Amino acid sequence: MTRHLHLVPLHKNTRFLSNFHTNQPTIITKASSFTTIPWNTHLRNLSKHGQYYEALILYRQMLQSKATPNAFTFSFALKSSISLSLPITGTQLHCHVIKLGCKYEPSVQTALISMYCKCGLTELARKVFDEMPEPSLTVCYNALISGYVQNYDFLNGFSLFCEMRLRGVEFNAVTILGFVPGCTVPECLWLGMSLHCLNVKCGLDNDLAIANCLLTMYVRCGSIELARKLFDHIPEKGLITWNAMISGYAQNGLAAEVLELYHEMESLQVNPDAVTFVGVLSACANLGNQMIGFEVEQKIKSSGMRCNVFLKNALINMYARCGNLAKARIIFDEMPEKNLVSWTAIIGGYGIHGLGNTAVELFDKMIETGIRPDGTVFVSVLSACSHAGLTKKGLDYLDLMKREFRLKPRSEHYSCVVDLLGRVGRLEEARKLIELMEVEPDGAVWGALLGACKIHKNVELAELAFNKVVELEPTNIGYYVLLSNIYTEANNSEGILRVRLMMRERKLKKDPGYSYFECKGKTHLFVAGDGSHPQTKEIYKMLNRLEHGGVNKNDQNQEPRDVMGMHSERLAIAFALLNTEIGTDIIVIKNLRICGDCHSFVKRVSKIVDRLFVVRDATRFHHFQNGTCSCNDYW
DNA sequence: GTAGGGTTAG
């Protein structure tokens, strides 16, 4: 793309003509070419209709004629250079402004401030602002405040806002809109909340744009309840309001809430757009709800909506996470233009299914295609390596990431590598790697080491990892359970007691592990020992039959046993067997890690009934078929 | 006939 457009310098009108080649729109008649107004009118029309490039060409033509640009001309021309992000053109325009004596025109100054801010040159913007004889106009403050905020200079934005208030300059809705997006880190939320109050006090709370903006602020700060409270108080919600809330829920992992809101939106006949669907698909991916995901895909197709790259990526992610890798791959292959996110989604998809080799191949292909990887795609490929046991490859990638792409590995990358080393028993190396990390290890890093200690039964190192991990994540029950299981295997009853005591002291209760299975568009949820499902009796009978060796064994009348202690994944599996046709795959989702006992159980069942079972747990997919599991290095 | 603003993917 052209980064700038040479404008004709005022002193030498012909110099740049030769190196500029575009079809020039010539609508200007000779009679009008000497006066400014017709040029300005045309310029305004072009700029209004988004024909920015054409507007700048027209401006250049204007300079070649004898018409003199004025403040209006510059306002339009600057707007075009802002929209096209052409800093050099903007700077040239600034020179023209000075030469033609328009530099004290407020509209021109405001446009200049905005232009410099859009190009990331806030210091130059500030200079224009300071040169103003009396910078008391609200619009100028607005332009510079939003400019600072957009350039992540929150402090200067804040102090300018204070200055504005101190000087008694009136602020308006646009001021708030420009400033609020700066309050998107939890530390600044208090300021955002006071803006919210100020907003209400000044009667600006009917402005939907501000409400949307505040809503996004709460979402980004992780205050999802406050966001919802605000959402419920907005009397006339716009599509953007719905989208902001839906993607807010999606980003915070609240998938059930996303679907609920989406259905509410449908019932109110609010027409969703691509942004809505991206949020909904992300929720389907999190829930493993392929049915709704498929419905959304059909809806997109039937609505004639242009399926943009964001939507395609969301579809790939949804199908991959729901276990339908073939469908995800078809969408990926059919995409004419794949971006980094598309590659990340498909690589991650293969990774979580244990197909590390394919993931690695795709990653290499991506690099060949010339797409520069970022930290996130490295997380996908490193985790694929660890799930597939590609230890050397994974270590090579960590190196590649640092040396070739100059990317600083984050804690997430190290947790993959610790997992990678830990799984193959290189525990000592994993521990040393943690010590040498350039960033502070987080809970996931120590957690990965703890998990590896479980596989390789290293109690001593497990205790070290556990002490670190509970310091960082004292309420994550999973780690207590993991250590307790390690002690169980080591017959260390004293250790088990210690863990239990610790949990009691900290008032931690074991999170009920639940599993669910999607059947005929309905999701059936099971909690361990749950007896509330309408088919409970049949489920337990089925489990009894499976436990006793054969699905064909005719022991229908036997009463269910051990009802209370039944694991949720077993209940879901039995339910699935009762309610699906022979030959279909069974995909069950478990919120925590599948337990070792159930792992062996599903293996056995897969042999008995000759079906493919896919159990997705918190960390990976486990494919069970004919008595074996393709992710069986855990147990 | 002028200037300033908000929502989307892993």
Side-chain angles (χ1 to χ4, degrees), chain A residues 36-45 47-48 70-79 82 102 105-115 117-118 125 128 137-147 149-150 171-181 184 207-217 219-220 237-248 250-251 272-282 285-286 308-318 320-321 339-349 351-352 373-380 383 412:
Chain A
T36 308
I37 294 172
W39 288 97
N40 282 358
T41 310
H42 196 49
L43 204 56
R44 187 199 56 187
N45 286 337
S47 150
K48 212 164 134 185
N70 63 12
F72 293 109
T73 322
F74 287 123
S75 304
F76 298 131
L78 279 165
K79 187 174 175 169
I82 293 167
C102 296
E105 290 286 341
S107 64
V108 176
Q109 282 176 317
T110 315
L112 280 169
I113 291 169
S114 173
M115 182 272 294
C117 288
K118 286 267 158 55
V128 176
L137 282 175
T138 304
V139 272
C140 301
Y141 275 101
N142 290 354
L144 193 54
I145 289 174
S146 79
V149 168
Q150 274 161 31
F171 68 93
N172 58 18
V174 182
T175 322
I176 308 263
L177 282 170
F179 191 46
V180 169
T184 48
D207 191 308
L208 188 58
I210 296 187
N212 293 339
C213 195
L214 286 165
L215 182 57
T216 309
M217 174 192 79
V219 164
R220 296 224 174 122
K237 303 169 186 45
L239 179 59
I240 291 175
T241 321
W242 287 94
N243 286 349
M245 197 66 234
I246 284 184
S247 37
Q251 279 159 34
D273 69 354
V275 180
T276 325
F277 289 136
V278 169
V280 175
L281 286 170
S282 146
N286 278 331
N308 66 21
V309 66
F310 283 87
L311 266 175
K312 294 261 186 207
N313 292 345
L315 282 168
I316 295 174
N317 182 45
M318 184 274 294
R321 299 268 297 273
N339 66 14
L340 179 58
V341 182
S342 331
W343 288 93
T344 310
I346 196 79
I347 292 169
I352 51 176
D374 69 352
T376 314
V377 74
F378 268 109
V379 173
S380 286
S383 117
E412 293 159 275

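Chain A is the first sequence line, chain B the second, and so forth, proteins listed ahead of strands; every chain is numbered from 1. Since the model is a prediction, treat every value here as computed from it, not as a measurement.
Side-chain N/O atoms of Asn142(A) and base N/O atoms of dG5(B) include no donor-acceptor pair closer than 3.5 Å.
Closest of all the heavy-atom pairs between Ser146(A) and Gly178(A) is CB-CA, 3.6 Å. Across every non-hydrogen atom of Phe179(A) and Val149(A), the tightest pair is CD1-CG2, 3.9 Å. Ser380(A) approaches Ile347(A) most closely through the heavy-atom pair CB-CG2, 4.1 Å.
We find that the ring of Phe76(A) and the base of dT2(B) do not stack by the test of centres under 5.5 angstrom and planes tilted less than 30°.
Distance from the side chain of Asn317(A) is smallest to dG10(B) among dT2(B), dG10(B), dG5(B). Ranking dT8(B), dA9(B), dG6(B) by closeness to the Ala209(A) side chain, first place goes to dG6(B). Side-chain proximity of Arg321(A) to the nucleotides dT2(B), dA9(B), dG10(B) is greatest for dG10(B). Considering only side-chain atoms of Ile240(A), the nucleotide from dT2(B), dT8(B), dG6(B) that sits closest is dG6(B). The listed nucleotides are dG10(B), dG5(B), dG6(B); the one nearest the side chain of Pro181(A) is dG6(B). If you check dG10(B), dA3(B), dG6(B) against the side chain of Thr376(A), the one that comes closest is dG10(B). Here the side chain of Ser75(A) is nearest to one of dT8(B), dA3(B), dG4(B), namely dA3(B).
Between Lys118(A) atom NZ and dG5(B) atom P the separation is 4 Å, expressed in whole Å. If you take CG of Asn172(A) and P of dG6(B), they are 14 Å apart, rounded to a whole angstrom. Atom C1' of nucleotide dA9(B) and atom CG of Leu281(A) are separated by 10 Å, given to the nearest angstrom. Whole-Å rounding puts the Leu315(A) CG to dG10(B) P distance at 12 Å. One atom, OH of Tyr141(A), and another, P of dG5(B), lie 17 Å apart when rounded to the nearest Å. With rounding to whole Å, Leu214(A) atom CG is found 12 Å from dT7(B) atom P. When the P atom of dA9(B) is taken as reference, atom CG of Asp273(A) falls 12 Å away, rounded to whole Å. Between the CZ atom of Phe74(A) and the C1' atom of dA3(B) there is a distance of 14 Å, rounded to whole Å.
Remark: Ser380(A) is not in phosphate contact with dG10(B), judged by side-chain N or O atoms under 4.0 Å from OP1 or OP2. Dashed line: the shortest gap from a side-chain N or O of Gln251(A) to OP1 or OP2 of dG10(B) is not under 4.0 Å. For dG6(B), one of the phosphate oxygens OP1 or OP2 lies less than 4.0 angstrom from a side-chain nitrogen or oxygen of Gln150(A). Arg220(A) has a side-chain polar atom (N or O) that falls below the 4.0 Å cut-off from OP1 or OP2 of dT8(B).
Val341(A) comes within contact range of at least one nucleobase, with a heavy-atom separation under 4.0 Å. Here Leu340(A) lies in heavy-atom contact (under 4.0 Å) with a base. Residue Thr241(A) is classed as having no contact, given no heavy-atom separation below 4.0 Å to the nucleic acid. When heavy atoms are screened at a 4.0 angstrom cut-off, Asn45(A) is found touching no nucleic acid atom at all. Among the atoms of the strands shown, only primed sugar atoms or phosphate atoms (P, OP1, OP2) are found under 4.0 Å from some heavy atom of Thr216(A).
Under the salt bridge (Lys or Arg N to Asp or Glu O under 4.0 Å) criterion, Glu105(A) pairs with no residue, sequence neighbours left out.
Side-chain contact between Met217(A) and Cys213(A): absent, with no pair of heavy atoms (C-beta onward) separated by less than 4.5 Å.
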**Message:** Let's go through Asn243(A) and Thr276(A) carefully: what are the C-alpha distance in whole Å and the side-chain angles of both, what is the deciding distance for side-chain hydrogen bond (donor to acceptor under 3.5 Å, both in side chains) to 0.1 Å, and is it a yes or a no?
**Reply:** CA-CA 5 Å; Asn243(A) 286 349; Thr276(A) 325; 2.6 Å; yes
